[in-house]
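Have a look at the structure below before the remarks.
Only a predicted model underlies this, so the values are computations on that prediction, with no experimental measurement involved.
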Amino acid sequence: MTTSDTRSPDGDAVEVRIPADVLYVSTLRLAAASLAARCDLTIDDIEDLRLAVDEACALLLPHASEGSTLDARFQLAAGRLEVATSVHTDDEAEPDRSGFAWTVLGALATAVEVSNRDGQLTISVTKAREAAAT
């Protein structure tokens, strides 16, 4: 099956599930970069998003229940990509918002949200295409 490269990504969603282990985070970075290109983000935006996904995972993994998975949902739109990464936790865990990883995450992303519902700790990162410099 083939699709047209000109079709808008608006409304498309991709879900990826990997073991909650740092060894597999590169898979999510690669998926983020590929999907960000599909959303027509700039090269700089794509690199920012790759790093933001890496930092979100670094904040989540210490809270993952043993043997659990790291789940990612990519919500695509023209000029914008939202990545919601989550892990199952055994308690009401919260990411460390005072450390370097959180500072970097905030600087790289257009928006960052955290939620913890029913034992699922989620960090959602949104990157929107930066306006061209004038």
Close side-chain approach of [X] and [Y], heavy atoms under 4.5 Å:
X      : Y      : value
Asp96  : Trp102 : no
Asp12  : Phe74  : no
Asp10  : Leu76  : no
Thr85  : Thr122 : no
Arg73  : Gln75  : yes
Arg80  : Glu82  : yes
Val114 : Leu121 : yes
Leu70  : Pro19  : no

Return yes when atom [atom1] of [X] has more than 12 non-hydrogen atoms of other residues, nucleotides or ligands closer than 6.0 Å, and no otherwise.
X     : atom1 : answer
Glu47 : CD    : yes
Ile43 : CD1   : no
Arg97 : CZ    : yes

Exercise. Apply side-chain contact (heavy atoms from CB on, under 4.5 Å) to Leu108 and Val125, showing your working.
Key: CA-CA 9 Å; Leu108 295 171; Val125 175; over 6 Å; no
Could you report the tightest heavy-atom contact between [X] and [Y], atom names first, then the distance?
X      : Y      : value
Ala36  : Ile46  : CB-CG1, 3.7 Å
Pro9   : Ala77  : CG-C, 3.8 Å
Val53  : Ala32  : CG2-CB, 3.9 Å
Val112 : Gly106 : CG2-CA, 4.4 Å
Ala93  : Asn116 : O-ND2, 2.7 Å

Quiz item: Applying the side chain to side chain contact (heavy atoms under 4.5 Å, CB included) test to Lys127, which of Val83, Leu41, Thr42 qualifies?
Solution: Leu41
Quiz item: Is any side-chain N of the basic residue among Asp45 and Arg129 closer than 4.0 Å to the acidic one's carboxylate O?
Solution: no
Exercise. Taking Thr27 for its side chain and Tyr24 for its backbone only, find out whether a donor-acceptor pair lies under 3.5 Å.
Key: yes
Quiz prompt | Side chain Ser65, main chain His88, donor-acceptor under 3.5 Å | solution = yes
Quiz prompt | Check against side-chain contact (heavy atoms from CB on, under 4.5 Å), Val16 and Asp71 | solution = CA-CA 6 Å; Val16 178; Asp71 301 327; over 6 Å; no
Determine, using the 4.5 Å side-chain heavy-atom cutoff (strictly less than), whether [X] and [Y] are members of one ILVMFWY cluster.
X     : Y     : result
Leu61 : Leu59 : yes
Leu30 : Leu35 : no
Val14 : Ile18 : yes
Leu23 : Leu60 : yes

Exercise. Decide yes or no on side-chain contact (heavy atoms from CB on, under 4.5 Å) for Leu81 and Leu49, but give the supporting numbers first.
Key: CA-CA 9 Å; Leu81 180 61; Leu49 184 62; 3.3 Å; yes
Distance in Å, [X] [atom1] paired with [Y] [atom2], rounded so as to fall on 0.5 Å steps:
X     : Y      : atom1 : atom2 : value
Arg17 : Ser68  : CZ    : OG    : 10.0 Å
Ser86 : Arg117 : OG    : CZ    : 11.5 Å
Arg29 : Ser34  : CZ    : OG    : 14.5 Å

